[in-house]
Amino acid sequence: MFAYKPKSLFPSLPKHISNSLLSHSSSSSSSLVSALPPRPSLRQTKQAHAHIIVSGHAAYSPLLSHLLCLLSLSPTTPFHYSLSLYHSIKYPSVFATNNMIRCFAKSDSPLLSLLLFSSSILRSCVKPNNHTFTFLLQACSRAMALTEGAQVHAVVVKLGFGGYVFVSNALIHLYCSCSRIECSKRVFEENVSSRDVVTWNSMLTAFVRDEQIGVAEKLFEEMPARDVISWSTMISGYVQNGRLEQGLACFKRMREEGIRMNEATLVSVLSASAQLGLLEHGRLVHSLAESLNFPLTACLGTALIDMYAKCGCIEQSKLLFKNMTQRDIWTWNVMICGLASHGLGKEALALFDRFVDEGFRPANVTFIGVLGACSRAGLVTEGRHHFKLMTEKYGILPEMEHYGCMVDILGRAGFVDEAVELIEKMTVSPDPVLWATLLGACKIHGSIELGEKIGNKLLELDPTHDGHYVQLANIYAKARKWEDVVRVRRLMAEQNTNKAAGWSLIEAQGKVHKFVAGDREHERSLEIHKMLETIGTRIAEAGYSPNVTSVLHDIGEEEKENVIKEHSERLAMAFGLLVTEAGECIRIMKNLRVCEDCHEVSKIISKVFEREIIVRDGSRFHHFKDGKCSCLDYW
DNA sequence: CTAGGGTTAG
């Protein structure tokens, strides 16, 4: 269920991004945020408890039961306190017991509620009611305890509580939490007559979690009524399943239908904007949140930080982080990963230290950020140190991604043997991506023999991945073994590999423009190609000569130059220069990594056109400014 | 006298 899937830093973009995504009808501010019901704090409840004791009412159980009810509302209440209160009730009613069960259900040990149920209700004359089962099933869901949950289900049926809509909804939710979608569906179908919007939403969630988006869509359309949670579920369902533009389209439709959004909606939409790199869209959602007076919670703030970081505005992320009043572990992790993706290694490490100083315990994701920061900034000593810290001090078992970072850190810095050693010590079998990383290092450092070995191994493991062939051929080219270069190329041609199509994307004038290499489809294609000519002339004047080693085709040198001249990011850059004001920053998102030549050209363009150019490629950000790149050519 | 469903990071 939790199989490792190699994941690039940024997901691939769906084929067709609707250009209408960015156009939004401005809604009136009448759809305000729904206010949360006031809830007493633990401190206030304790004060009330003290009053009850002091005023001599401590033996009056209804009062204590109500107090317990208040405690059960807050998920942060330690259950020891609630339990002592519960024990002070001489003859607990089902009401009191239900509330104690709920306290357990919300605690870190939800299954204790089952113990209470069997010891207190089953063994006494107190009869359970529908509330009892709702809380018990909630506890089983939270614990993902299928066996226990099924047993409770049996009791529900036996005692005839299956017809209560709260109970059957809890059952649907339970089976969904335990990944038994078929069981959820069965309960759903058995309760045709007693369904409410929660029933439908729970079923919707089940399909979404099971990645049955088509079925979820159908259910969503069939629902007799949809509330904000139905919409949020659908939107987050799209986003979690990588259907980002559909998620945004659904959000748009939701707004058109006048449904008032809530924080969960915004967070999912921000995630989609972030993954797509749609800064303007993200900004729009941000201003929407502000105009609707959403409080800047840790969750919303984190989503915003992530959006700005992934859209290239790391300064904006830092500012938000600084100004936030509530931060949780997600906030820190997102900020650390954001700094890492921008190559700000030292800052990421400093933030990590602050994070630890403030008493947080780093999680494995934290270390992916930290090690990623080291790898992108070439911090070898720090990388080794933090890897050790992670495993030895925090006892975190390294995942494939951690190894990936380490192999990259060591390999690129020339410690190829140490990287091999690390791989050999791994407890899980290394992923092809890991070998590919090492292969890259071999190419840089001219380790021909090892590279040859790894390359051939990779061709076996992953014969349809064209990148491996390219890398191996590059290694042979570096060793001037031309026959081998030809052989590998021929092999690649025979294997019918999946060549990942490169694309670049730029947002301009309220639209998303996507380019592929050699693109002539754009409505302003003529002007763009004219601009490419201008760029060519001006960078040549600045002393540029093309580097075509990264082009692997059997074509002549002159043709190669033409190919790289029309790499998708060049087209996007030309278009950007065409449509933006002088001095304005140009932001480009692309799926693959930048080639060396395009990287060089971007640097020169930034200088001769006096533009800051920010490129997000498959693994990191490049900030080109005044002839230099923030990656310091280490990428 | 009590209740349920949706949210973010690699």
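What you see is a predicted model, and the numbers here were worked out from it, not measured in a lab. Here is how names work: the chains are called A, B, and so on, in the same order as the sequence lines, proteins then strands, and each is numbered from 1.
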A/His286 atom NE2 is separated from B/dT8 atom C1', nearest whole Å, by 15 Å
Within the 3.5 Å criterion, strictly below it, is a donor on A/Asn364 or A/His402 matched to an acceptor on the partner's side chain? no
Touch class at under 4.0 angstrom, heavy-atom based, for A/Asp306 against every strand present: sugar-phosphate
Using a 4.0 Å heavy-atom cut-off across all strands, classify A/Phe367 as base, sugar-phosphate, or nothing. nothing
Rounded off to whole Å, could you give me the CG-to-P distance for the A/Leu64 and B/dT2 pair? 18 Å
Taking the side chain of A/His131 as its heavy atoms from C-beta onward, which of B/dC1, B/dA3, B/dG10 lies nearest to it? B/dA3
ring-ring contact (aromatic ring centres under 6.0 Å, His included) filter on A/Tyr238, not counting sequence neighbours, yields none
Calculate, to the nearest 0.5 Å, the distance between atoms CG and OG belonging to A/Leu136 and A/Ser113 respectively. 5.5 Å
Within the structure shown, what part of the strands sits under 4.0 Å from A/Val334 by heavy-atom distance: base, sugar-phosphate, or nothing? sugar-phosphate
Within the 4.0 Å heavy-atom criterion, would you say A/Val167 contacts the bases, only the backbone, or no part of the nucleic acid? nothing
For A/Tyr60, ring-ring contact (aromatic ring centres under 6.0 Å, His included) partners two or more places apart: none
Residues A/Glu222, A/Lys218: salt bridge by 4.0 Å N-O rule: yes
Listed partners of A/Trp435 passing side chain to side chain contact (heavy atoms under 4.5 Å, CB included), at least two apart: A/Ile423, A/Pro430, A/Leu438, A/Ile454, A/Lys457, A/Leu458, A/Leu461
Options B/dA9, B/dT7, B/dT2, nucleotide nearest the side-chain atoms of A/Ser268: B/dT7
How long is the line joining CD1 of A/Ile235 and C1' of B/dT7, in whole Å? 11 Å
So if I take residues 215-228 of chain A and measure heavy-atom distances to DNA chain B, which residues fall below 4.0 Å? A/Asp227
Length of the CG-P vector between A/Leu63 and B/dT2, whole Å: 16 Å
Just to verify, what does A/Arg195 make a salt bridge (charged side-chain N to carboxylate O under 4.0 Å, His left out) with, not counting sequence neighbours? none
Closest approach to the side chain of A/Ile368, judged atom by atom: which nucleotide of B/dA9, B/dG10, B/dC1 is it? B/dG10
Using atom types as modelled and distance alone, determine if a side-chain donor or acceptor of A/Ser317 lies under 3.5 Å from a backbone N or O of A/Ala309. yes
For a quick test of reading the model: is some side-chain N or O of A/Gln275 closer than 4.0 Å to OP1 or OP2 of B/dT8? no
So A/Ser202, base contact, sugar-phosphate only, or nothing? Heavy-atom distance under 4.0 Å. sugar-phosphate
Counting the atoms with a prime plus P, OP1 and OP2 as sugar-phosphate, which does A/Glu399 contact under 4.0 Å by heavy atoms, base, sugar-phosphate, or nothing? base
A/Ala58: partners by side chain to side chain contact (heavy atoms under 4.5 Å, CB included), with sequence neighbours left out: A/Ile53
With a 4.0 Å cut-off on heavy atoms, is A/Leu73 in touch with a base, just the backbone sugar-phosphate, or nothing at all? sugar-phosphate
Whole Å only: how far is the CH2 atom of A/Trp330 from the C1' atom of B/dT7? 9 Å
Using OP1 and OP2 only, check whether a side-chain N or O of A/Ser271 sits under 4.0 Å from B/dA9. yes
Of the options B/dG10, B/dC1, B/dT8, whose atoms approach the side-chain atoms of A/Ser236 most closely? B/dT8
Give a yes/no answer on whether the side chain of A/Arg102 brings an N or O atom under 4.0 Å of OP1 or OP2 in B/dA3. yes
If I take atom CG in residue A/Asn99 and atom P in nucleotide B/dA3, what distance separates them, rounded to the nearest angstrom? 8 Å
Check every strand shown and say whether A/Ser232 touches a base, only sugar-phosphate, or nothing at a heavy-atom separation below 4.0 Å. base
Mind checking A/His66 for me? I need base, sugar-phosphate or nothing, with any heavy atom below 4.0 Å counting as a touch. base
B/dA3, B/dT8, B/dT2: which one has an atom nearest the side-chain heavy atoms of A/Phe95? B/dT2
Under 4.0 angstrom, heavy atoms only, what part of the nucleic acid is A/Thr205 near: base, sugar-phosphate, or nothing? sugar-phosphate
Separation of atom CE in A/Met100 from atom P in B/dT2, rounded to whole Å: 19 Å
Is there a donor N/O on one and an acceptor N/O on the other, under 3.5 Å, for the side chain of A/Asn129 and the base of B/dT2? yes
Whole angstrom is fine here: how far is it from CG in A/Leu67 over to C1' in B/dT2? 14 Å
Is there a side-chain contact between A/Lys310 and the phosphate of B/dT8, meaning an N or O under 4.0 Å from OP1 or OP2? no
